[in-house]
2 protein chains.
Amino acid sequence: MNDIAVAAPERKRGFGVKKAYDLLRTEILDLTLPPGSPIDEVQLADRLALSRTPIREALARLAMEGLIDTLPNRSTMVSNIDFLNLPAYFDAITLMYRVTTRLAAQNWRPDDLDAIATHQSEFSTAVANHDALAMISTNREFHAAIAEAGRNPYYTALFVRLLDDGRRLLRLYYQSFNDRPPPSVIDEHEDIIAAITARDIEASDRLAKAHADQIVRQIQKLLSWDQRQNIEL
Amino acid sequence: MNDIAVAAPERKRGFGVKKAYDLLRTEILDLTLPPGSPIDEVQLADRLALSRTPIREALARLAMEGLIDTLPNRSTMVSNIDFLNLPAYFDAITLMYRVTTRLAAQNWRPDDLDAIATHQSEFSTAVANHDALAMISTNREFHAAIAEAGRNPYYTALFVRLLDDGRRLLRLYYQSFNDRPPPSVIDEHEDIIAAITARDIEASDRLAKAHADQIVRQIQKLLSWDQRQNIEL
DNA sequence: ATTATACATTTTGTATACTGAAAAGCCCAG
DNA sequence: CTGGGCTTTTCAGTATACAAAATGTATAAT
């Protein structure tokens with residue numbers, strides 16, 4: 001049916017689902033596929049030069065993650081950002097910042113500190129380059145590495161999920177600074193690293209909370225700006 | 001093709017995946033399928049009188065939940081209970097007990113109290129009947145209802161997941177009391193309800209923590225008993 | 001006897017084909 | 001026009017068919 005799409009002859013077995021899953025996931029989180037976009041299985045299938053079967057398995061996974069909504073027997077679409085539950089989101093992510101950072105201070109092993117430091121330097125680079133997308137992903141990796149060091153997979157899973165869900169919001173955050181976040185962010189990261197390294201649990205907690213609060217406040221400010229339109233009455 | 005498999009003529013379309021998913025999920029959590037059991041797609045397919053396609057979609061979902069592990073191009077099996085991470089589990093579930101109960105005290109609406117009360121009375125009935133399985137599920141519903149009243153879907157999702165993961169452990173807990181949990185459990189539930197109703201956040205937190213601690217301590221006691229064998233040296 | 005290699009079997013991943021449910025189009029009566 | 005019932009079309013859900021891994025087995029070579 002489709003003589004085009006010849007490009008990829010390398011057909012390694014077992015990577016179809018992953019390919020579809022990864023692609024869709026990043027496109028959804030990057031807002032390339034905005035919330036509400038319908039997802040056409042057939043179209044996707046020939047875009048990826050796959051059949052519908054692996055696509056559907058990928059969609060099943062995404063549905064479990066809540067990234068897509070699927071109406072029975074009818075179309076499936078990218079799920080909406082739940083702006084009504086933003087307070088819940090902020091509450092949860094703040095708690096996860098705190099808990100994971102605390103636990104990191106308590107449970108880290110030498111390897112963890114290396115990983116954290118690496119991600120922090122990548123983050124600095126991204127900031128230096130004013131590359132918002134890179135900032136978001138390196139920031140995520142930075143905090144994910146801290147969570148890993150805390151060694152509680154349940155917290156890590158929730159935290160990572162929140163960070164990913166928040167990618168759509170975080171983009172707003174960085175845009176608000178014109179892709180130049182306040183230098184304080186880097187310092188805050190450094191302070192957190194220091195507190196973790198010193199195994200100072202209380203300080204880690206406090207700094208993590210401050211860090212979270214800073215981000216949350218900024219986003220709230222943004223959103224409230226958006227909401228307040230000066231309408232003449 | 002297949003003249004046998006007559007049993008289920010009611011072939012409502014769109015319920016195949018759900019059927020497979022629900023069945024596997026409960027069997028895994030009930031330990032009917034013990035950790036490590038291999039899962040044979042073909043066998044499952046004819047057991048449910050379905051083709052492999054819906055089975056595989058169900059498996060994809062379960063894999064996302066971490067209930068099954070799947071090696072690429074190799075067999076898939078029921079994932080193990082991660083006994084190494086039991087401390088992490090206890091830590092997380094205790095925190096979720098606290099947070100959800102706090103939030104419930106803060107955010108409940110009249111409907112919520114009804115739901116909670118209903119589940120509590122169902123739980124009492126289960127206790128009266130010495131029905132461990134019913135206790136586990138009604139207890140889950142009770143705490144899930146509290147979490148719902150807290151209105152933070154992120155916490156609720158994690159908490160419910162922890163409670164479900166813990167079904168395998170909770171069975172141990174109730175068995176330890178010979179399916180007659182200490183009457184204190186019911187009283188603790190009642191106290192929690194009272195604190196929530198009174199919108200007493202601090203008390204809710206304290207009681208939830210005490211409740212969690214009680215369960216955790218009991219399970220820890222059980223596990224340590226198991227480990228200590230009196231070997232003569 | 002042990003290892004290596006070829007063949008067969010099992011099983012997973014993917015493609016294609018079929019079916020039915022719901023939306024969209026259509027027709028005609030009011 | 002307009003809205004209720006009918007037909008058509010479309011697409012989600014399922015079944016089946018096929019292909020590539022991986023594993024097991026038997027036989028040959030050392």
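Just so you know, these numbers use all the heavy atoms, side chains as well, and skip hydrogens, waters and symmetry mates. All chains are named by letter (A, B, ...) in the order of the sequence lines, taking the proteins before the strands, and each is independently numbered beginning at 1.
Checking side-chain atoms of A:R56 against main-chain N and O of A:P54 turns up no donor-acceptor pair under 3.5 Å. Between the side chain of A:D112 and the main chain of A:R109, a donor-acceptor pair closer than 3.5 Å is present.
Taking a 4.0 Å limit (strictly below) on heavy-atom distances, residues 64-75 of chain A reaches DNA chain D at A:N73, A:R74.
Taking each heavy atom of B:L162 and B:Y89 in turn, the nearest pair found is O-OH, 2.6 Å.
A:V42 comes within contact range of no nucleotide atom at all, as no heavy-atom separation falls under 4.0 Å.
Evaluation of the side-chain contact (heavy atoms from CB on, under 4.5 Å) rule for A:R167 yields A:T26, A:L29, A:D30, A:I136, A:D164 as partners, not counting sequence neighbours.
Ring geometry for B:H189 against B:F142 counts as parallel: the plane angle stays under 30°, on a 0 to 90° scale with 60° as the upper cut.
The distance from atom CZ of A:R52 to atom P of D:dA12 is 6 Å, rounded to the nearest whole Å. Atom CE of B:M77 is separated from atom P of C:dT12 by 13 Å (rounded to the nearest Å). Remark: C1' of C:dT12 and NZ of A:K18 are 18 Å apart, rounded to the nearest angstrom. If you measure from atom CD of A:E57 to atom C1' of C:dA15, you get 13 Å, rounded to the nearest angstrom.
Looking at which nucleotide of DNA chain D each of A:E41 and B:S51 is closest to, the 5′-most match is held by A:E41.
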